[in-house]
Amino acid sequence: MVMNSKLNRILACAISAAIAAGTSCMPIMTATAYAPNPTTAFVAVEKVSINIETITLGKGESYNISAKVAPSDSSSKSLLWMSSNPKVVYVDNKGKITAKGVGTATVSVIAHNGKRALCYVKVNEAAESIKLNYHNIELGVGESCTFSAAVPDGTVSYSRIYTSSDNKIASFDSKSNLTAKKEGTVTVTVKTFNGKTDTCKVTVKKAPSGIFLNKNSMVLSVGDKFRLDSSLPQGTASFSRIYSSSDGSIVSCSANGNIEAKKDGTAYITVRTFNGMTNKCKVTVKRAPDSISVRKNYAELYTGDTFKIYYSIPSNTYTRSITYSSSNTSVATVDGNGLVTARNSGSAKITVKTANGKTAVVNIDVIKLPEINEWSSDTDILNSVRVKPVKTNSKLLDDKIDSIFGSIINSKMSNAQKVQACYDYLATNISYAYISYDYSPVYGVSYVNGHDRDIVISAYSTLVQKRGNCYDYACTLAAVMQRLGYDAHVVHGLVGMSAGGYGNHYWVDTNINGRHFIFDAQVENNNLGWGGTVNHYFYCLRPENTSMYIYQETWSTDNFRTY
């Protein structure tokens with residue numbers, strides 16, 4: 001019959017096409033007998049198309065491939081489906097493919113005249129688990145969020161079904177986008193073709209009425225990085241918070257708020273919620289410093305002493321941080337504010353470092369305080385002190401003492417050598433005589449303790465006029481020794497007379513590590529040796545070792561201050 005003859009030709013054509021495609025399997029075909037209509041022209045198939053050209057499935061997973069022919073009015077729409085490897089991928093006569101085993105196969109769909117389309121299929125092991133990209137998020141009403149999921153390497157589940165536990169609160173569209181509809185909480189679930197699942201808790205809150213930043217202005221140096229963070233009014237949510245820069249050439253900004261300073265200038269970083277609420281941070285970028293310097297690059301300390309490091313960087317530069325480190329923490333340590341503490345004798349280098357790696361060094365020498373006993377020398381006694389220099393608060397007197405120091409002491413001297421130089425200066429340069437007191441050093445200076453005021457007036461007058469009595473010697477030496485850092489005080493008492501008995505007298509008492517020592521430059525002046533040399537008979541005397549001095553009153557210096 002004509003009809004059967006036509007059908008046979010169609011089958012033969014399909015088989016020939018299958019052979020040409022290199023497959024050894026017999027085709028599975030859905031064919032409709034075609035009876036020519038002498039009044040209708042025959043329209044041949046020009047193209048076969050399918051909805052997917054490559055796909056990866058998990059073993060045991062199925063997928064429906066859809067196919068169509070063009071033109072749409074083709075005389076025959078019959079299609080033949082076949083798999084190049086049915087042990088890997090089986091296809092039925094409606095285009096449903098099923099992954100049978102791990103491997104690859106080509107699924108062909110063929111029209112009556114040999115026009116065809118191909119789908120390349122890869123089959124991996126089925127997914128053993130699945131993991132969502134989020135597990136606990138908050139959305140604002142009206143906000144959408146795209147979910148995705150991952151399976152272990154080497155496994156597959158092409159099918160991943162996303163569902164919401166309450167579509168009235170939040171629901172998915174066909175592209176895995178979840179949209180929040182009203183306040184509440186839902187559980188989002190993703191499921192593989194073989195039943196593996198994972199969940200995410202989604203809390204829906206009101207849309208925010210504003211947004212706040214952890215910084216609204218800042219200064220950075222070129223190369224600095226910073227993370228801007230934001231917060232919302234209580235009871236609101238916006239999972240999406242997008243950050244942007246007004247000038248990425250000055251400050252670059254990632255979508256999640258990581259910024260980096262690129263060059264000098266000013267830029268504004270804007271954060272925006274899903275519903276259009278915004279806030280800004282002004283970022284000023286300065287160049288990083290090309291150097292750093294310290295006020296003092298050397299300090300000699302006694303064990304237990306502290307020393308503050310002060311630094312400076314060039315103007316119009318900026319560093320977000322300064323770090324300090326010690327080359328020998330057993331000798332000297334330094335904290336994050338640049339405070340050095342002397343621990344043990346030795347040397348250490350304290351390095352001050354900017355954020356971009358520029359450094360300055362402070363050299364520290366630590367001297368261990370000698371222990372004193374009954375047999376200690378004057379030098380050991382005076383060097384055992386942790387000196388704390390004190391000013392008198394009178395500029396005239398402080399400047400006068402500084403002027404004298406400049407001529408008789410230097411930084412290489414030990415503390416004991418400095419005290420002796422000052423003591424010798426007073427013993428040899430001040431003569432015993434009464435003076436007229438100059439009150440100008442205390443003008444404009446308030447002293448709660450009247451003795452402090454009198455010490456300043458007497459010491460200044462003595463140094464200027466280069467004369468004075470025992471009271472003036474004592475006031476001057478006390479002021480000078482305090483400026484050297486010693487706990488020196490004026491004492492009023494009695495002193496043994498050469499003719500016998502005791503007479504009214506003033507001298508200096510110095511507290512050294514809890515023990516008292518007498519310094520009397522005026523009596524020393526009375527007993528100068530041949531050629532005016534100082535014999536130090538009345539220098540660093542222990543009161544308990546002499547009956548010459550009887551203490552009656554010791555003056556404090558409450559208004560003098562440490563510098």
Report task. Please name the residue in the list Tyr473, Tyr551, Phe519, Phe538 that meets the ring pair (Phe, Tyr, Trp, His ring centres under 6.0 Å) test with Trp507. Result -> Tyr551
Query raised in the report: Do the charged groups of Arg483 and Asp398 touch, with an N to O distance under 4.0 Å?
Result: yes
Report task. State, with a plain yes or no, whether a side-chain heavy atom of Asp487 is found less than 4.5 Å away from one of Met481. Result -> no
Query raised in the report: Shortest non-hydrogen contact from Ile455 to Ala479?
Result: CG2-CB, 4.5 Å
Query - Under 3.5 Å side-chain donor-acceptor pair for Ser221 and Thr319 - result: no
Query raised in the report: Any chance the side chains of His489 and Asp509 put a donor and an acceptor closer than 3.5 Å?
Result: no
Requested in this report: Would you tell me whether Asn177 and Thr146 have side-chain atoms, one donor and one acceptor, within less than 3.5 Å of each other?
Outcome: yes
Requested in this report: Enter the distance from Ile550:CD1 to His492:NE2 here, rounded to the nearest 0.5 Å.
Outcome: 12.0 Å
Query raised in the report: At what distance, to the nearest 0.5 angstrom, does SG of Cys540 lie from CG of Asp380?
Result: 10.5 Å
Query raised in the report: Under the side-chain hydrogen bond (donor to acceptor under 3.5 Å, both in side chains) criterion, do Ser293 and Ser312 qualify, and how do the steps go?
Result: CA-CA 5 Å; Ser293 59; Ser312 62; 2.9 Å; yes
Query - Flag for Thr179-Ser144: side-chain donor and acceptor within less than 3.5 Å - result: yes
Report task. Without swapping roles, check the side chain of Thr546 against the backbone of Pro543 for a donor-acceptor pair under 3.5 Å. Result -> no
Query raised in the report: According to the ring-ring contact (aromatic ring centres under 6.0 Å, His included) rule, which pairs have a member within residues 218-240, sequence neighbours left out?
Result: Tyr134-Phe239
Query raised in the report: Between the side chains of Tyr243 and Ser230, is a donor N or O closer than 3.5 angstrom to an acceptor N or O?
Result: yes
Query - Expected output: side-chain Tyr486 to main-chain Leu382 donor-acceptor under 3.5 Å - result: yes
Report summary line: Minimal heavy-atom distance between Ser291 and Ile313, with the atoms involved, is O-CG2, 3.9 Å
Query raised in the report: With no hydrogens and no angle check, do the side chains of Asp365 and Ser347 hold a donor and an acceptor under 3.5 Å apart?
Result: yes
Report task. Would you mind reporting whether Val294 and Tyr310 have side-chain heavy atoms less than 4.5 Å apart? Result -> no
Requested in this report: Would you confirm whether Thr303, through its side chain, and Arg343, through its main-chain N or O, come within 3.5 Å as a donor-acceptor pair?
Outcome: no
Requested in this report: For Thr333 and Thr329, indicate whether the former's side chain and the latter's backbone hold a donor-acceptor pair under 3.5 Å.
Outcome: no
**Report entry** Reported CG-to-OG distance for the pair Asp198 and Ser129, which is rounded to 0.5 angstrom
**Finding:** 8.5 Å
Report task. Please lay out, stage by stage, how Cys200 and Ile137 fare under the test side chain to side chain contact (heavy atoms under 4.5 Å, CB included). Result -> CA-CA 8 Å; Cys200 172; Ile137 64 172; 4.3 Å; yes
Query raised in the report: In Å, rounded to the nearest 0.5 Å, how long is the span from CG of Leu477 to CG of Asp520?
Result: 8.5 Å
Query raised in the report: With sequence neighbours excluded, what pairs up with Asp247 under the salt bridge (Lys or Arg N to Asp or Glu O under 4.0 Å) test?
Result: none
Query raised in the report: If every non-hydrogen atom of Gly265 is compared with every non-hydrogen atom of Ile250, which pair is closest and at what distance?
Result: C-CG2, 3.8 Å
Requested in this report: Indicate whether the side chain of Tyr506 and that of Asn469 have a donor and an acceptor atom separated by less than 3.5 Å.
Outcome: no
Query raised in the report: Can you tell me if Ser238 uses its side chain to pair, donor with acceptor, with the backbone of Phe274 under 3.5 Å?
Result: yes
**Report entry** Worked verdict on Asn415 versus Tyr302 for side-chain hydrogen bond (donor to acceptor under 3.5 Å, both in side chains)
**Finding:** CA-CA 11 Å; Asn415 288 329; Tyr302 289 110; 2.7 Å; yes
Requested in this report: Applying side chain to side chain contact (heavy atoms under 4.5 Å, CB included), name anything that partners Phe212, two or more places apart in sequence or on another chain.
Outcome: Ser231, Pro233
Report task. Looking only at non-hydrogen atoms, find the nearest pair between Lys466 and Leu463 and report the distance. Result -> CG-O, 3.7 Å
**Report entry** Qualifying side chain to side chain donor-acceptor pair (under 3.5 Å) pairs, either residue in residues 258-276, two or more places apart
**Finding:** Asn256-Asn258, Thr273-Asn275
Query raised in the report: In terms of side-chain heavy atoms, does Glu524 have a donor or acceptor partner in Tyr423 at a distance below 3.5 Å?
Result: yes
**Report entry** salt bridge (Lys or Arg N to Asp or Glu O under 4.0 Å) against Arg320, all qualifying residues, sequence neighbours excluded
**Finding:** Asp224
Query raised in the report: Does one side chain, of Asp454 or Tyr437, offer a donor that lies under 3.5 Å from an acceptor on the other?
Result: no
Requested in this report: Look at atom CG of Asn316 and say whether more than 12 heavy atoms of other residues, nucleotides or ligands are closer to it than 6.0 Å.
Outcome: no
Query raised in the report: Under 6.0 Å from the OH atom of Tyr537, do we count more than 12 heavy atoms belonging to anything else shown?
Result: no
Report task. Count the heavy atoms of every other residue, nucleotide or ligand shown that sit under 6.0 Å from NZ of Lys395, and state whether that count exceeds 12. Result -> no
Query raised in the report: Taking the side chain from Gln465 and the backbone from Thr462, do they hold a donor-acceptor pair closer than 3.5 Å?
Result: no
Query raised in the report: What's the shortest heavy-atom distance between Val251 and Val283, and which atoms?
Result: CG2-CG1, 3.8 Å
Report task. Flag the pair Phe307 / Val362 as yes when at least one side-chain heavy-atom distance between them is below 4.5 Å, and no otherwise. Result -> yes
Requested in this report: Return yes if some donor-acceptor pair links the side-chain N/O of Ser461 with the main-chain N/O of Asp438 below 3.5 Å, else return no.
Outcome: yes
Query raised in the report: Is the shortest heavy-atom distance from the side chain of Val491 to the side chain of Glu553 under 4.5 Å?
Result: no
Requested in this report: Determine whether Val202 and Thr185 make a side-chain contact, defined as any pair of heavy atoms from C-beta on separated by less than 4.5 Å.
Outcome: no
Query raised in the report: Taking 4.0 angstrom as the limit, do Lys201 and Glu138 come out as a salt bridge?
Result: no
Query raised in the report: Between atom NZ of Lys296 and atom CD1 of Ile309, what is the distance when rounded to the nearest 0.5 Å?
Result: 11.0 Å
Query raised in the report: Side chains of Asn344 and Ser330: do they bring a donor and an acceptor to under 3.5 Å?
Result: no
Query raised in the report: Looking only at atom types and distance, does a side-chain atom of Asn525 sit under 3.5 Å from a main-chain N or O of Ala427, one as donor and one as acceptor?
Result: yes
Report task. Apply salt bridge (Lys or Arg N to Asp or Glu O under 4.0 Å) to Lys353 and list each qualifying residue two or more places apart in sequence or on a separate chain. Result -> none
**Report entry** Gap between atom CZ of Arg515 and atom OG1 of Thr510 - 0.5 Å precision
**Finding:** 14.0 Å
